K.L.:
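One structure, as structure tokens, below. Some questions next.
Indexing begins at 1, ligand by ligand and atom by atom, following the structure's order. In this text the structure is predicted, and so the values were computed from the model without any measurement. The chain is numbered in sequence order, starting from 1.
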Amino acid sequence: MNSSDHLTLDAKARKVAVLGAGSWGTTFSKILADGGADVALWARRPELAREITESKRNSDYLPGINLPRSIRGSSSLEKVLDGAEQVFLSVPSQTLRDNLKAVRDLVPHDAIVVSLMKGVEKGTGYRMSEVIEQELGIGDDRVAVVSGPNLALEIAKEQPTAAVVSSANLATATLVAMTATNPYFRSFVNTDVIGTEFGGVLKNLIAVAIGIVDGVGYGENTKASIITRGLVEMTDFAVAFGGRAETLAGLAGLGDLIATCESSLSRNNTAGRLLGQGYTFSDVVKQMNQTAEGLSSVAPILELALSKGVEMPIVSQVAEVLAGTMDPRDIAPHLTTDPMPQGE
Ligand SMILES: NC(=O)C1=CN([C@@H]2O[C@H](COP(=O)(O)OP(=O)(O)OC[C@H]3O[C@@H](n4cnc5c(N)ncnc54)[C@H](O)[C@@H]3O)[C@@H](O)[C@H]2O)C=CC1
Ligand SMILES: O=C(CO)COP(=O)(O)O
């Protein structure tokens, strides 16, 4: 398929699998079920799978939310993946490769595989779509990614939200977007997988920076300066790797940056705030009971930036605060060691 022109709403996937029953995997299952799909949701823990199926709740991750009656939870990968037309992946990024090894022979051979994750692999710097292609041995035309300003709990409460689905193949992106659309959730499409994925990864790092300055007690000027200059870093980085600048000005870039930097629901923002309040990196890791991808992405992103000569002063300072070599009070929207004015 090279074009999406011939697709009609009948092409919506009927049977889908979601792997990972944390806050985003569970919320995305609700999005898909409310769009009309038959959803099987894989949870590692059998007791959580049972709670999802029997009580239509995931009380640890989405307290107070009633899930659609049609969602079935299961801790059996075989059962969840059986007959799935689209497979959505929502586990912590650093665990994706091992999880894929376990499902390699179970993913139906013609299924579209979709990353919902916003991290890069430590040690390799690979994006999640790249890890999927490598481990499942499938072409980029069968892989898509979803990104955008998508704080799970707000969407679980059915607050109107938009996202973007990206695939090298527009028809694949369109099929996924049709399946992931319902009255409160609208999916747009693009073919810039690199820009879309890096947007989701990089905004986490800027959100950590915002959390840090918030924790220190700085106000709106500091935060607006970091958000604005952070978007420049995000765009320079993504473009250096072949992404499109306009993607970073869209939902997967600026949109997600705004949501994540403004919300106390963001785990990256929260982790940063704790650092800004003086907690050490290991204290913060102990306190976080949900995934803050930014903490693992800082090092691989800076390695990738170095390989292309991209300057990332804000992300570099986040790395220094995490390492305990910079006082959070000194974080700024520029390198404090650079005395010369630069062009904006
Ligand atoms: N929560 C949100 O608002 C959003 C999250 N995302 C992304 O979704 C991805 C998943 O994040 P969340 O669901 O928020 O995290 P979470 O911390 O709420 O849930 C993670 C889930 O993965 C499971 N898990 C942990 N280690 C595992 C392993 N080794 N193998 C299999 N499963 C494992 C946990 O038990 C849990 O069910 C991340 O990449 C995140 O950046 C993207 C958009 C929104
Ligand atoms: O990606 C998100 C919102 O779009 C969620 O952000 P956090 O992972 O920081 O909670």
K.L.:
Could you walk me through whether T270 and V284 satisfy the side-chain contact (heavy atoms from CB on, under 4.5 Å) test, starting with their C-alpha distance in whole Å, then the side-chain angles of each, then the deciding distance to 0.1 Å, before giving a yes or no?
P.N.:
CA-CA 9 Å; T270 301; V284 172; over 6 Å; no
K.L.:
Go through E220 and K223 one step at a time and tell me if the salt bridge (charged side-chain N to carboxylate O under 4.0 Å, His left out) criterion holds.
P.N.:
CA-CA 5 Å; E220 301 311 318; K223 286 187 262 181; 3.5 Å; yes
K.L.:
Pick whichever of S297, S266, P92 has a heavy atom sitting closest to atom 22 (O) of ligand 1.
P.N.:
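Nearest option to atom 22 (O) of ligand 1, by heavy atoms: P92.
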K.L.:
Please determine whether side-chain contact (heavy atoms from CB on, under 4.5 Å) holds for the pair D38 and R14, giving the CA-CA distance in whole Å, both sets of side-chain angles, and the decisive distance to 0.1 Å.
P.N.:
CA-CA 6 Å; D38 174 8; R14 278 163 294 276; 5.6 Å; no
K.L.:
Is it the side chain, the backbone, both or neither of L151 that has a heavy atom closer than 4.0 Å to ligand 1?
P.N.:
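Contact part for L151 vs ligand 1: backbone (N, CA, C, O).
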K.L.:
Please state which part of Q290 comes within less than 4.0 Å of ligand 2, counting heavy atoms only: side chain, backbone, both or neither.
P.N.:
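Under 4.0 Å from ligand 2, Q290 contributes no heavy atoms.
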K.L.:
Using a 4.0 Å heavy-atom threshold (strictly under), name the region of N268 that reaches ligand 2: side chain, backbone, both or neither.
P.N.:
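Near ligand 2, N268 shows its backbone as well as its side chain.
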K.L.:
Among all protein heavy atoms in this structure, tell me which lies nearest to atom 20 (C) of ligand 1, with the distance rounded to 0.1 Å.
P.N.:
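Heavy-atom neighbour on the protein nearest atom 20 (C) of ligand 1: T291 OG1, 3.8 Å.
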K.L.:
Taking 4.0 angstrom as the limit, do D214 and R273 come out as a salt bridge?
P.N.:
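Salt bridge present between D214 and R273.
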K.L.:
Heavy-atom contacts with V91 under 4.0 Å: which atoms of ligand 1 show up? List them by number with element.
P.N.:
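The list of qualifying atoms is 31 (C), 32 (N).
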K.L.:
At a 4.0 Å threshold, what atoms of ligand 1 neighbour a non-hydrogen atom of T95?
P.N.:
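Near T95, the atoms of ligand 1 are 28 (C), 29 (N), 30 (N).
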K.L.:
Under 4.0 Å, heavy atoms only, figure out whether ligand 1 is touched by the backbone of L116, its side chain, both or neither.
P.N.:
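For L116, the contact with ligand 1 is made by the backbone alone.
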K.L.:
Can you list the ligand 2 atoms lying under 4.0 Å from a non-hydrogen atom of N150?
P.N.:
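So the atoms of ligand 2 that pass are 3 (C), 4 (O).
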K.L.:
So which of E293, Q290, R267, M117 gets nearest to atom 11 (O) of ligand 1, if we judge by its closest heavy atom?
P.N.:
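Going through E293, Q290, R267, M117 one by one, R267 has the nearest heavy atom to atom 11 (O) of ligand 1.
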K.L.:
Provide, to 0.1 Å, the distance between atom 9 (C) of ligand 1 and the closest protein heavy atom, together with that atom's residue and name.
P.N.:
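Atom 9 (C) of ligand 1 sits closest to the protein heavy atom S90 OG, 3.9 Å.
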K.L.:
Under a 3.5 Å threshold, yes or no: a donor from one side chain and an acceptor from the other, between S74 and K79?
P.N.:
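Result is no, nothing qualifies.
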K.L.:
Would E154 and K157 pass as an ion pair if we require N to O under 4.0 Å?
P.N.:
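K157 and E154: not salt-bridged.
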K.L.:
Look at atom 13 (O) of ligand 1 and say which protein heavy atom is nearest, naming residue and atom and giving the distance to 0.1 Å.
P.N.:
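The answer is W24 N, 2.9 Å.
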K.L.:
Would you please test E51 and R57 for salt bridge (charged side-chain N to carboxylate O under 4.0 Å, His left out) and show each step?
P.N.:
CA-CA 6 Å; E51 187 194 18; R57 291 265 180 169; over 6 Å; no
K.L.:
Distance to 0.1 Å, residue and atom name: give those for the protein heavy atom nearest to atom 34 (C) of ligand 1.
P.N.:
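Going by distance alone, atom 34 (C) of ligand 1 is nearest to Y61 OH, 3.7 Å.
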K.L.:
So F28 and F88, would you call those rings parallel, tilted or perpendicular, with 30° and 60° as cut-offs?
P.N.:
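If you compare the ring of F28 with that of F88, the planes turn out tilted.
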K.L.:
Is there a polar contact between ligand 2 and G148, counting only N or O atoms under 3.5 Å apart?
P.N.:
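The answer is yes, given that G148 and ligand 2 share an N or O pair closer than 3.5 Å.
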K.L.:
Looking at atom 37 (O) of ligand 1, what's its closest protein heavy atom, distance included?
P.N.:
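Nearest protein contact, heavy atoms only, for atom 37 (O) of ligand 1 is G22 N, 3.1 Å.
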K.L.:
Ignoring hydrogens, just give me the one of S93, G119, S23 whose non-hydrogen atom is nearest atom 18 (O) of ligand 1.
P.N.:
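Comparing heavy atoms across S93, G119, S23, the nearest one to atom 18 (O) of ligand 1 lies in S23.
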K.L.:
With atom 2 (C) of ligand 2 as the reference point, say which of K203, M117, E154 has the nearest heavy atom.
P.N.:
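The residue whose heavy atom sits nearest atom 2 (C) of ligand 2 is K203.
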K.L.:
Give the residue, atom name and distance (to 0.1 Å) of the protein heavy atom nearest atom 4 (O) of ligand 2.
P.N.:
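That would be D256 OD1, 2.6 Å.
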K.L.:
Do any N/O atoms on W42 end up under 3.5 angstrom from N/O atoms on ligand 1?
P.N.:
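In fact, backbone or side chain, W42 has no N or O that close.
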K.L.:
Counting distance only, does the side-chain N/O of T27 pair as donor-acceptor with the main-chain N or O of S23 below 3.5 Å?
P.N.:
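Side chain of T27 to backbone of S23: a pair is present.
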K.L.:
Determine, stepwise, if the pair F185 / N150 fulfils side-chain contact (heavy atoms from CB on, under 4.5 Å).
P.N.:
CA-CA 10 Å; F185 194 85; N150 294 163; 4.0 Å; yes
K.L.:
Consider side chain to side chain donor-acceptor pair (under 3.5 Å). Of N190, T172, T191, which one does S166 pass it with?
P.N.:
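Looking at N190, T172, T191, the match for S166 under the side chain to side chain donor-acceptor pair (under 3.5 Å) is N190.
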K.L.:
Considering only non-hydrogen protein atoms, determine which one is nearest to atom 44 (C) of ligand 1 and report residue, atom name and distance to 0.1 Å.
P.N.:
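Nearest protein contact, heavy atoms only, for atom 44 (C) of ligand 1 is N150 O, 3.0 Å.
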K.L.:
Measure across V39 and L32 and return the closest heavy-atom pair with its distance rounded to 0.1 Å.
P.N.:
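Heavy atoms of V39 and L32 come nearest at CG2-CB, 3.8 Å.
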K.L.:
In ligand 2, which numbered atoms sit nearer than 4.0 Å to a non-hydrogen atom of K118?
P.N.:
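Listed by number with element, the hits are 1 (O), 2 (C), 3 (C), 4 (O).
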K.L.:
Give the single entry among M288, R45, Q94, R44 that approaches atom 35 (O) of ligand 1 most closely by any heavy atom.
P.N.:
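Minimum heavy-atom distance to atom 35 (O) of ligand 1 goes to R44.
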K.L.:
Taking heavy atoms and a distance under 4.0 Å, where does A21 meet ligand 1: side chain, backbone, both or neither?
P.N.:
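For A21, the contact with ligand 1 is made by the backbone alone.
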K.L.:
Please list the nearest protein heavy atom to atom 30 (N) of ligand 1 with its residue and the distance rounded to 0.1 Å.
P.N.:
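For atom 30 (N) of ligand 1, the nearest protein heavy atom comes out as N99 ND2, 3.0 Å.
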K.L.:
Answer with yes or no whether the side chains of N204 and S297 bring together a donor and an acceptor at under 3.5 Å.
P.N.:
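The answer is no; no qualifying pair exists.
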K.L.:
Among all protein heavy atoms in this structure, tell me which lies nearest to atom 3 (O) of ligand 1, with the distance rounded to 0.1 Å.
P.N.:
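Of every protein heavy atom, A152 N, 2.8 Å lies nearest to atom 3 (O) of ligand 1.
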K.L.:
Quick one: look up the protein heavy atom nearest atom 8 (O) of ligand 2 and list residue, atom name and how far away it is.
P.N.:
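Sorting protein heavy atoms by distance from atom 8 (O) of ligand 2 puts R267 NH2, 2.9 Å first.
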K.L.:
Would you sort out whether M234 and L257 count as a side-chain contact (heavy atoms from CB on, under 4.5 Å), showing the intermediate values?
P.N.:
CA-CA 10 Å; M234 290 168 59; L257 186 63; 3.9 Å; yes
K.L.:
Where do M128 and S115 come nearest, in terms of heavy atoms and distance?
P.N.:
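Answer, listing the atom of M128 first, then S115: CB-OG, 3.6 Å.
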